Amino acid sequence: MPNESMTKPIVTIVQHIREKQRAFPTATGDLSWILSGIALATRIIQSYVRRAGIADVLGEVGTTNVQGELVQKLDIVANETILRCLGYRDIVGIMVSEEDDEPTIVKSPTGQGKYIVLFDPLDGSSNIDVNVSIGTIFSVLRCRDDLPESEGATPHCLQPGVKQVAAGYVVYGSSTVLAYTTGNGVHMFTLDPSFGAFVLHTENIRMPDQGKMYSVNEAYLDSFPSGVQDYLAWAKTPESGGYGLRYIGSLVSDFHRTLLKGGVFMYPPTAKNPDGKLRLLYEANPLSFIAEQAGGAATDFKQRVLERQPDSLHARTPLLMGSKSEVERVMGFMN
Ligand code: AHM
Ligand code: MG
């Protein structure tokens with residue numbers, strides 16, 4: 001007798017997005033083309049991640065990136081893989097990476113290249129050498145049609161997160177998981193390594209509305225805003241009902257757990273990073289879009305992340321996201 005997993009239809013990510021788009025007769029199929037490029041790139045990246053110790057891709061390169069962080073060999077491999085997999089897709093106009101100073105113009109943003117792909121090629125890369133889950137985060141915007149060619153690429157990219165047409169992430173963990181949204185819920189896929197395809201495992205993921213788990217680097221406690229300190233003190237009291245702490249130090253992995261199990265993730269302003277550490281365009285915006293699409297919330301402790309107008313490509317932001325009621329609870333302490 002075949003069991004249920006033997007009879008369930010196998011749906012890949014490209015099939016899935018095509019089927020979803022069928023509900024919109026005017027959809028062009030562009031996003032499925034972009035997502036298939038991202039799926040290809042992340043399959044290649046995961047193959048390097050899985051062989052990191054034997055493929056001579058472990059360790060630092062000896063330089064720092066535009067963010068002032070040490071560049072790992074795998075950062076470069078991941079960055080180049082994404083540029084190579086997406087750069088030739090005719091509808092991609094601009095690609096912007098957390099690792100690069102400037103956007104890469106692939107096609108005229110006022111011509112055929114109508115989409116912008118922004119990405120953090122390997123998030124959590126300081127964890128690479130110690131075999132902890134890392135990931136790739138991406139965001140897709142449409143190029144603006146009100147800008148002259150002479151403006152260059154940057155003004156096209158400086159759009160608030162509400163303008164995203166798609167976003168997603170991949171976690172290279174105990175399995176490789178991809179989650180995406182195009183504004184119609186969040187859908188999750190697992191890479192089947194035996195035949196190399198991302199296969200749908202859950203549609204319309206919902207983030208639990210509550211969760212007794214907080215995720216923050218508490219080593220910086222003394223320089224957090226007083227409201228955050230008060231929340232963290234309260235969470236340790238018996239009145240709170242007992243909270244747990246989980247902090248991996250790879251945003252994408254901490255977010256993935258928060259999406260599935262509930263709770264809050266936060267990276268508040270600190271003395272070292274008064275504007276927060278995480279990048280608005282490559283990290284906070286795509287994950288906030290996913291959080292909201294799954295029924296959660298995301299704020300910079302002052303306003304909805306997705307409504308922030310970025311003032312530079314590598315702008316940073318404080319970040320608080322997760323289960324709606326838990327985000328509201330933290331904000332209650334802030335006020
Ligand atoms: P990066 O690896 O792309 O540079 O990302 C920054 C990482 C995030 O993944 C993570 O949430 C954060 O930095 C951890 O910072 P800290 O070590 O200060 O807790
Ligand atoms: Mg990152």
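Remember, it's 1-based here, ligands and their atoms both numbered in the order they're listed. When a residue number appears, it is its place in the shown sequence, counting from 1. Computed from a prediction, not measured in an experiment: that's the story for all the values here.
- In summary, the atoms of ligand 1 found under 4.0 Å from a heavy atom of Arg279, numbered by their order in the structure, are 1 (P), 3 (O), 4 (O), 5 (O), 6 (C).
- At under 3.5 Å, a nitrogen or oxygen of Leu251, whether backbone or side chain, sits near a nitrogen or oxygen of ligand 1.
- Of the possible donor and acceptor atoms, one in the side chain of His156 sits under 3.5 Å from a partner among the backbone N and O of Arg144.
- A donor atom on one side chain and an acceptor atom on the other are not found under 3.5 Å apart for Thr42 and Tyr172.
- At least one heavy atom of Tyr220 sits under 4.0 Å from some atom of ligand 1.
- On a distance-only criterion, Ser126 and ligand 1 share no N/O pair closer than 3.5 Å.
- By the 6.0 Å contact criterion, CZ on Arg142 is open, its count of non-hydrogen atoms from other residues, nucleotides or ligands being 12 or less.
- Taking every heavy atom of Ser250 and a limit of under 4.0 angstrom, the matching atoms of ligand 1 come to 9 (O).
- Minimum-distance N/O/S atom of Asp120 relative to the Mg ion (ligand 2): OD2.
- By the 4.5 Å heavy-atom criterion applied to side chains, Ile34 and Arg89 are not counted as neighbours.
- Geometrically, ligand 1 and Phe265 share no nitrogen or oxygen pair separated by less than 3.5 Å.
- Within Glu283, OE2 is the N, O or S atom that lies nearest to the Mg ion (ligand 2).
- Close contacts of ligand 1 with Glu283, meaning ligand atoms under 4.0 Å from a residue heavy atom, involve 3 (O), 5 (O).
- A side-chain donor from one of Tyr231 and Glu326 sits under 3.5 Å from a side-chain acceptor of the other.
- Its N, O or S atom nearest to the Mg ion (ligand 2) is what matters here, and for Asp123 that atom is OD1.
- For ligand 1 and Ser125, the ligand atoms under 4.0 Å from any heavy atom of the residue are 2 (O).
- Inspection of the Asn285 and Ser139 side chains reveals no N or O donor paired with an N or O acceptor under 3.5 Å.
- The part of Asp120 lying near ligand 1 is the side chain, judged by heavy-atom distances below 4.0 Å.
- Contact detail for Pro155 and Leu147: the closest heavy-atom pair is CB-CD1, 3.8 Å.
- In the vicinity of Asp123, heavy-atom distances shorter than 4.0 Å reach the ligand 1 atoms 1 (P), 2 (O), 3 (O), 5 (O), 8 (C), 9 (O).
- Side-chain N or O atoms of Ser32 include none that pairs as donor or acceptor with a backbone N or O of Val14 at under 3.5 Å.
- Using cut-offs of 30° and 60° for the angle between ring planes, the Phe333 and Trp234 rings count as tilted.
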